[in-house]
Amino acid sequence: MALLPSVLNRYSVRDYRENAVEPEKLTRVLEAARLAPSARNMQDWRFVVVRDAATRQRLMAAANNQPFVGQAPVVIACCATQSDYVMRCGQPSGPIDVAIAMDHMTLQAVEEGLGTCWIGSFYEDRVKDILGIPEPVRVIELLTLGYPADMPPASKQREPLDRIVAYERWT
Ligand SMILES: Cc1cc2nc3c(=O)[nH]c(=O)nc-3n(C[C@H](O)[C@H](O)[C@H](O)COP(=O)(O)O)c2cc1C
């Protein structure tokens, strides 16, 4: 069974090298987000790219002092600009759309030899204050980005397909 190498090779990187991310690589990672699908193609997202070391230290503090948030050379605050649109299915599109765009970024990062980690453990009000993000906008997640200093885990800890998939009916 052939899987995309980036799907197989992506893992949560929690230790980063000091090397800066080259602008062209960063742009391709952001381009992968730009091309992501979104409900009604609304593209109601905005990505605040933080490279400034002092700001990253403040973001680390707002993210429960997870050290690698300050260590990663890039932290991206992934925001939903129209957070109140609810689809017919009852789900809000904002966090879903932003999550898809983030997943595109994590996979493109692997292609670039870079690593990422999703950060959901943060205080949104503090992040908004640090980055000057206006009130109606929601910060859905942070994403760290940089060259990995750690090694991928030997295997992925995942449930088997037959546990998470049912065919034709819920069983
Ligand atoms: C929505 C979301 C939020 C997460 N938040 C954090 C976080 O705050 N800190 C952290 O170290 N990892 C965080 N993770 C990473 C998960 O722990 C990780 O993806 C999971 O354990 C699977 O490991 P893998 O990414 O290496 O495959 C988050 C992942 C997701 C998808």
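Side chains included, hydrogens not; waters and symmetry mates left out as well; all remaining heavy atoms used.
- Interatomic distance, Ile130 CD1 to Met60 CE, rounded to the nearest 0.5 Å: 10.5 Å.
- Here the SG-CD1 distance, from Cys79 to Ile133, works out to 4.0 Å after rounding to the nearest 0.5 Å.
- Tested against Ser93 for a side chain to side chain contact (heavy atoms under 4.5 Å, CB included), the candidates Arg40, Met42, Gln82 yield a single pass: Met42.
- Going from atom CG of Asp15 over to atom SG of Cys117 covers 11.5 Å, rounded to the nearest 0.5 Å.
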From CA spacing to verdict: side-chain contact (heavy atoms from CB on, under 4.5 Å), Val137, Arg46:
CA-CA 9 Å; Val137 174; Arg46 196 162 174 86; over 6 Å; no

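- The number of heavy atoms from other shown groups lying within 6.0 Å of CZ (Arg138) does not exceed 12.
- A donor-acceptor pair is defined here as one N or O able to donate and one able to accept, closer than 3.5 Å; no such pair exists between the side chain of Lys128 and the backbone of Val139.
- Within the 4.5 Å cutoff, no side-chain heavy atoms of Val127 are placed close to those of Arg58.
- Within 6.0 Å of CZ on Arg28 lie more than 12 heavy atoms contributed by other residues, nucleotides or ligands.
- By the 4.5 Å side-chain criterion applied to Ile, Leu, Val, Met, Phe, Trp and Tyr, Trp45 is assigned to a cluster that also includes Val21, Leu26, Val29, Leu30, Phe47, Val49, Val74, Ile76, Val98, Met102, Met105, Leu114, Trp118, Ile140, Leu143, Leu145, Tyr147.
- In terms of modelled atom types and a separation under 3.5 Å, the side chain of Thr81 and the main chain of Asp44 share a donor-acceptor contact.
- Between the side chain of Arg56 and the backbone N or O of Ala72 there is at least one donor-acceptor pair closer than 3.5 Å.
- From Gln66, atom CD reaches atom CD of Gln71 across 12.5 Å, with rounding to the nearest 0.5 Å.
- Shown here is Glu24, whose CD atom has more than 12 heavy atoms of other residues, nucleotides or ligands within 6.0 Å.
- Arg51 has its side chain out of reach of Pro23: every pair of non-hydrogen atoms, C-beta onward, lies at least 4.5 Å apart.
- Side-chain contact check for Leu142 versus Val50: every heavy-atom pair is 4.5 Å or farther apart.
- Heavy-atom neighbours of Tyr85 OH from other residues, nucleotides or ligands within 6.0 Å: above the threshold of 12.
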Verify side chain to side chain donor-acceptor pair (under 3.5 Å) between Tyr16 and Asp150, making sure each step is shown before the conclusion.
CA-CA 7 Å; Tyr16 290 91; Asp150 57 8; over 6 Å; no

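- In the hydrophobic clustering, where aliphatic and aromatic side chains (Ile, Leu, Val, Met, Phe, Trp, Tyr) are joined below 4.5 Å either directly or transitively, Leu4 groups with Val7, Leu107.
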